[in-house]
Amino acid sequence: MAKRRFYTTTPIYYVNDVPHVGHTYTTLAADVLARYHRLLGEEVFFLTGTDEHGLKVSQEAKEQNLSPKEFTDRVAPRFSSTWDSLNINYDFFIRTTDRNHERIVQKVLTKIYKKGFIYEGVYEGPYCVGCEKFLTEDELQNGVCPLHPNLIPTHIKEKNYFFKLSHFQEKLSRLFSSREIILPRERRNEILGKLKEELKDLSISRAGVPWGISVPWDKEQTIYVWVDALLNYYSATQFVKGKKKFWPADLHLIGKDILWFHTVVWYAILLAAGFSPQKLPKKVFAHGFFTVEGQKMSKSLGNVIAPDDLVEQFGVDGTRYLLLSEFPFGADGDISLSRFRERYNADLANGVGNLAARVAKLCETSGFDFEDTPTSYFFSKPLKSSLSEYRIDEALSDIWLNTKAGIHTLDKTIDKKKPWTLSGKKLYKNLLGAASIVRHIAYQLQPFMPETAEKIQKQFAGPKIKASPPLFPRL
Ligand code: MSP
C-alpha cells in the first residue's frame, strides 16, 4: 500500500532580517508536525526558506555596499543555521533567487497571462516597503502604515500589470465557506467577512524594482515580490527531485499577519493558473503573535529575542518546549524570560528531568533487570486528537497531565506507592511499571524534544537502568 504523505511549509522569511523568536515559533511548529507524521510512518516533505527579492532586500544590500545577490548569499545561511541549531529537521531550504524557482514562477505567470487574467494598467498610491505591500488610503494611520510607523510610505505612480483578483471573489467565498481550509475558525470568519467587501485587482509587477524576477513578456518589469514568494510552495515540489507527488500542500503554517496573502491572493493565483479544487492546498493555519513583556517585539524597542540566546540559557529542547507550550497555538500571547525560567525549573528540571532521574535511581538501586519492548509504545489519544487540529500546546501538555501515564501522574503514584519501602516481586512490578511509563513518555516527547527523548530512551533501554546526570539542570 502506498504510504500516506504529509507536506508542510513555513513562510519564507525576509532574508534581510535576523531570525527571531517569531520566525522560530512557526518553524518549530512545522518541525513538530513533520516529525510526528514521520513517526506515524508517513512520507513527509517539510519546506522552509528565504524570501530574497524586492525593494526591502535591495535597499539593505545597498546600505551595506553589496550587490543584492552578494548580500542574500551572505545572509541566507543565518536562517538555515538557526534552524539547524534548534534541531529543526526541514527537508529543503528554498531561496527565491534559485534559478529553478525563478523559471517556474515565470512559467506560472505566463500561463495566467495567456488565460487573460493579467492586464496592463497604471498604479498610483502608497506602498509600504516594510510589508512589501500596496496600501489603500484607508489603511494608513496618520499617513503611515500601522505596522511600520517609522517608515514613510513611498508614493508610487507607474505602469504595472494587474491581476484580476476581483474575478475570483465569488469562487473564493464559496471555496472558503464550503471547505474548512482556513484555521482557526476566527481567522476563517475574518477572511469570509473581508470577501463580502469589493475585491480590488492586484498589481503584480513593479517598474522601478530591478531586484526581482522579470515579467516574461515585458523585461522592463519585475514580478511583485509576494507573487514570487507564494509560488515557492509550488515551485519546490516541481524542481526538488522526487517531490512532485507532494503537491498540493497539506498545511501552510503562517502567522496571522500574512493570512490575506496566503488565502485570497494565493488561492486566486492557483485558480487562475488552472489548478482544480482538488489540487489546491488543503489547510492554512494562522497562529497568533508574540509580544515580549507586554510589548510588540521590535528592533527599535530593543526587545527582540534571538533564538540563540534562548538556546544558551535553556538548551535546545528547553527552548523548543518553552516556546511551544507558552500559550495556545493560534492565539496571541506574551512571553517573558522570567516566566520562561520559572517554567523551565517547574516543568523541565523538577518535572520530566526529575522524574527520569528518580525512576532511574530506584531501578539502579534495586539491581533488577528491566527488559524493554520498544514496539509497544504509541501516541495517546488526546495527544493525537490535539495534533490533528494543530493544538500543539495541548498535545504537549498531555505528556505532563495525562491522568494515566503523564509525568505528574507518575510522580504522584511514586509518592503514594513509595517503592523504597517495597521489596522482592512487589518492588520489581512497581519499578517495571514506572520504567515503562517513562519509556512511553520518551516516545511521545520525540516530535517536541527529540534530543531529550533519545537520551531517556537510551537510558531506559534496559535491561539495566542506571542513573545519569540531570537532563535539565536547575537554573
Ligand atoms: N516574506 C514574507 C512571507 C512570504 S511567504 C510566501 C514574510 N516574511 S517575515 O520574515 O516577515 O515573516 C513573517 C512570519 O514570521 C509571520 O507570518 C510569522 O510566521 C512569523 N512572525 C514574525 N513575527 C512574529 C511574532 N511577533 N510572533 C509570532 N510570529 C511572528 O512575511
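First listed ligand is number 1; within each ligand, the first listed atom is number 1.
- Using a 4.0 Å cut-off to heavy atoms of Ala229, the atoms of ligand 1 that qualify are 6 (C).
- Taking any N or O of Ile254, backbone or side chain, none lies under 3.5 Å from an N or O belonging to ligand 1.
- Protein heavy atom in closest approach to atom 16 (C) of ligand 1: Asp257 OD1, 3.3 Å.
- When hydrogens are left out, the protein atom nearest atom 27 (N) of ligand 1 is Phe290 N, 2.9 Å; that is the closest non-hydrogen contact.
- Listed by first and then second residue, the side chain to side chain donor-acceptor pair (under 3.5 Å) pairs that reach into residues 277-287 are Thr26-His287, Asp250-Lys282, sequence neighbours excluded.
- Near Gly288, meaning under 4.0 Å from one of its heavy atoms, ligand 1 places the atoms 28 (C).
- Heavy atoms of Lys296 stay at 4.0 angstrom or farther from ligand 1.
- A salt bridge is defined here as a Lys NZ or Arg NE, NH1 or NH2 lying under 4.0 Å from an Asp or Glu carboxylate O, and Glu139 with Lys133 meets this definition.
- With salt bridges taken as basic N to acidic carboxylate O contacts below 4.0 Å, none links Lys3 and Glu42.
- The option from Asn16, Ile12, Thr9 that lies nearest to atom 4 (C) of ligand 1, judged by heavy atoms, is Ile12.
- Contacts of Lys256 with ligand 1, taken as heavy-atom pairs under 4.0 Å, are absent altogether.
- Note on ligand 1: Phe261 sits outside its first shell, no heavy atom being nearer than 4.0 Å.
- Salt bridge status for Glu190 with Arg187: present, with a side-chain N to carboxylate O gap under 4.0 Å.
- A cation-pi arrangement is present between Lys56 and Tyr14, with the terminal nitrogen or guanidinium carbon under 6.0 Å from the aromatic centre and inside a 45° cone about the axis.
- A heavy-atom distance below 4.5 Å is not found between the side chains of Arg188 and Thr263.
- When heavy-atom distances to ligand 1 are checked against a 4.0 Å cut-off, Glu132 has no atom that comes that close, whether in backbone or side chain.
- Polar contact check, Asp51 against ligand 1: a nitrogen or oxygen pair lies under 3.5 Å apart.
- The nearest heavy-atom contact from the protein to atom 20 (C) of ligand 1 is Gly22 O, 3.6 Å.
- Atom 23 (N) of ligand 1 has its nearest heavy-atom neighbour, among His23, His20, Met297, in His20.
- On a distance-only criterion, Thr26 and ligand 1 share at least one N/O pair closer than 3.5 Å.
- Within ligand 1, the atoms closer than 4.0 Å to a non-hydrogen atom of Ile258 are 17 (O), 31 (O), numbered from 1 in the order shown.
- Contact check on Arg343 versus Glu326 returns a salt bridge, with a Lys/Arg side-chain nitrogen under 4.0 Å from an Asp/Glu carboxylate oxygen.
- Distances shorter than 4.0 angstrom do not occur between any heavy atom of Trp266 and any atom of ligand 1.
- Of the listed options Tyr233, Phe79, Tyr14, Tyr233 places a heavy atom closest to atom 6 (C) of ligand 1.
- For Ala286, the heavy-atom gap to ligand 1 stays at 4.0 angstrom or more.
- We find that Lys256 and Asp332 are joined by a salt bridge, their nearest charged nitrogen and carboxylate oxygen being less than 4.0 Å apart.
- Residue Leu230 places no N or O, backbone or side chain, under 3.5 Å from any N or O of ligand 1.
- Classification of Lys245 and Glu43 as a salt-bridged pair holds, one side-chain N sitting under 4.0 Å from a carboxylate O.
- With salt bridges taken as basic N to acidic carboxylate O contacts below 4.0 Å, none links Lys243 and Asp91.
- A salt bridge between Lys381 and Asp398 is absent, with no side-chain N of the basic residue lying under 4.0 Å from a carboxylate O of the acidic one.
- The residue from Phe162, Tyr127, Trp226 that alone fulfils the ring pair (Phe, Tyr, Trp, His ring centres under 6.0 Å) condition with Phe134 is Tyr127.
- Ranking the protein heavy atoms by distance from atom 12 (O) of ligand 1 puts Tyr13 CD2, 3.4 Å first.
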